[in-house]
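What follows is a single structure, written as structure tokens, with notes after it.
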Amino acid sequence: MVHALHRDPDCIFCKIIAGEIPSKKVYEDDDLYAFHDIAPWAPVHFLIVPKEHVESMVQVGAEHAALLGRILLLAPRLALEQGCNPYPEGGFRIMINTGTEGGQEVPHLHVHVMGGPRPWSFGRTQ
Ligand code: AMP
Ligand code: ZN
């Protein structure tokens, strides 16, 4: 059944999901959208977001458990497809910044996936 997902008209990631702001798409299905980060920290750096506007990990509830599970299951597959080297020599980093002190700049839940050969030359390697 098609149902309207909650979106925030002022949210940059909701606009990306709707195609109102361009992005370099990595993956899309009914519930999830993935796209390259505009300011990559690593040779491979993309974001996986729920299409539903959920602000952060703090607003996540039990109803989102399957969605979060799907994001985490998708991450390793997309990481390899996008050029991360195989585990264990390769691998990738998954990061979910939450709140201002957590480094979150965009208030629409997003999962960073970063990888590729080191050093990551963008100065934010911690
Ligand atoms: P965070 O600091 O965890 O909220 O991450 C937000 C990320 O979104 C940053 O890494 C930005 O580079 C990225 N970002 C912001 N605007 C865009 C955009 N229009 N397209 C792709 N990535 C973006
Ligand atoms: Zn949003």
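Note that the structure is a prediction, hence the values are computed from the model and not measured. Just so you know, these numbers use all the heavy atoms, side chains as well, and skip hydrogens, waters and symmetry mates. Whatever order the structure lists them in is the order used to number ligands and atoms, beginning at 1.
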Ring centre gap for Tyr87 and Phe92 strictly below 6.0 Å: no

Can Gly103 be said to touch ligand 1, with heavy atoms closer than 4.0 Å? yes

Are His108 and His110 close enough that their ring centers fall under 6.0 Å? no

Checking Val106, Asp37, Leu109, Ile38 against Leu47 for side chain to side chain contact (heavy atoms under 4.5 Å, CB included), the one that qualifies is Asp37

On a heavy-atom basis, the closest approach of Ala75 and Ile48 is CA-CD1, 3.9 Å

Any nitrogen or oxygen of Val106, main chain or side chain, under 3.5 Å from a nitrogen or oxygen of ligand 1? yes

What one should report as the nearest heavy-atom pair of Cys84 and Gly91 is CB-O, 3.7 Å

Run down the list Asp37, Leu109, Ile21 and name the one with the heavy atom closest to atom 7 (C) of ligand 1. Asp37

For the Zn ion (ligand 2), what is the closest N, O or S atom on His108? ND1

For Glu105, the ligand 1 atoms whose distance to one of its heavy atoms is below 4.0 Å: 1 (P), 2 (O), 4 (O)

Check this for me - ligand 1, His112, N or O atoms closer than 3.5 angstrom, yes or no? yes

What angle sits at the Zn ion (ligand 2) between SG of Cys14 and SG of Cys11, to 10°? 120°

Output the list of atoms in ligand 1 that are nearer than 4.0 Å to some heavy atom of His36, sorted by atom number. 21 (C)

With atoms numbered from 1 as shown, which atoms in ligand 1 lie under 4.0 angstrom from a non-hydrogen atom of Ala39? 12 (O)

Considering Thr100, Ile38, Leu47, Val111, which one's heavy-atom position lies nearest to atom 21 (C) of ligand 1? Ile38

Which N, O or S atom name in His53 marks its closest approach to the Zn ion (ligand 2)? ND1

Check this for me - ligand 1, Ile16, N or O atoms closer than 3.5 angstrom, yes or no? no

Interatomic spacing from CG in Leu5 to CD1 in Ile17 - rounded to 0.5 Å: 8.5 Å

According to a 4.5 Å side-chain heavy-atom criterion applied to Ile, Leu, Val, Met, Phe, Trp and Tyr, with indirect links allowed, do Phe13 and Ile21 form part of one hydrophobic cluster? yes

Below 3.5 Å, N or O to N or O, backbone or side chain included: is there any such pair between Trp41 and ligand 1? no

Is there a polar contact between ligand 1 and His110, counting only N or O atoms under 3.5 Å apart? yes

Aromatic ring proximity, centroids under 6.0 angstrom, His112 and His45: yes

Which atoms of ligand 1 are found less than 4.0 Å from any heavy atom of Gln104? 4 (O)

Within a distance under 4.0 Å of any heavy atom of Phe35, pick out the atoms of ligand 1 and give their elements. 21 (C), 22 (N)

Show the atoms of ligand 1 that are less than 4.0 angstrom away from any heavy atom in Asn97. 1 (P), 2 (O), 3 (O)

Here the pair of heavy atoms bringing Val44 nearest to Gln82 is CG2-O, 3.4 Å

Which atoms form the tightest heavy-atom contact between Pro50 and Leu67, and what is the distance? CB-CD2, 3.5 Å

Show the nearest heavy-atom pair for residues Trp41 and Trp120, with the distance to one decimal. O-CB, 3.4 Å

Indicate, as side chain, backbone, both or neither, the part of Phe13 found under 4.0 angstrom from ligand 1 when only non-hydrogen atoms are considered. side chain

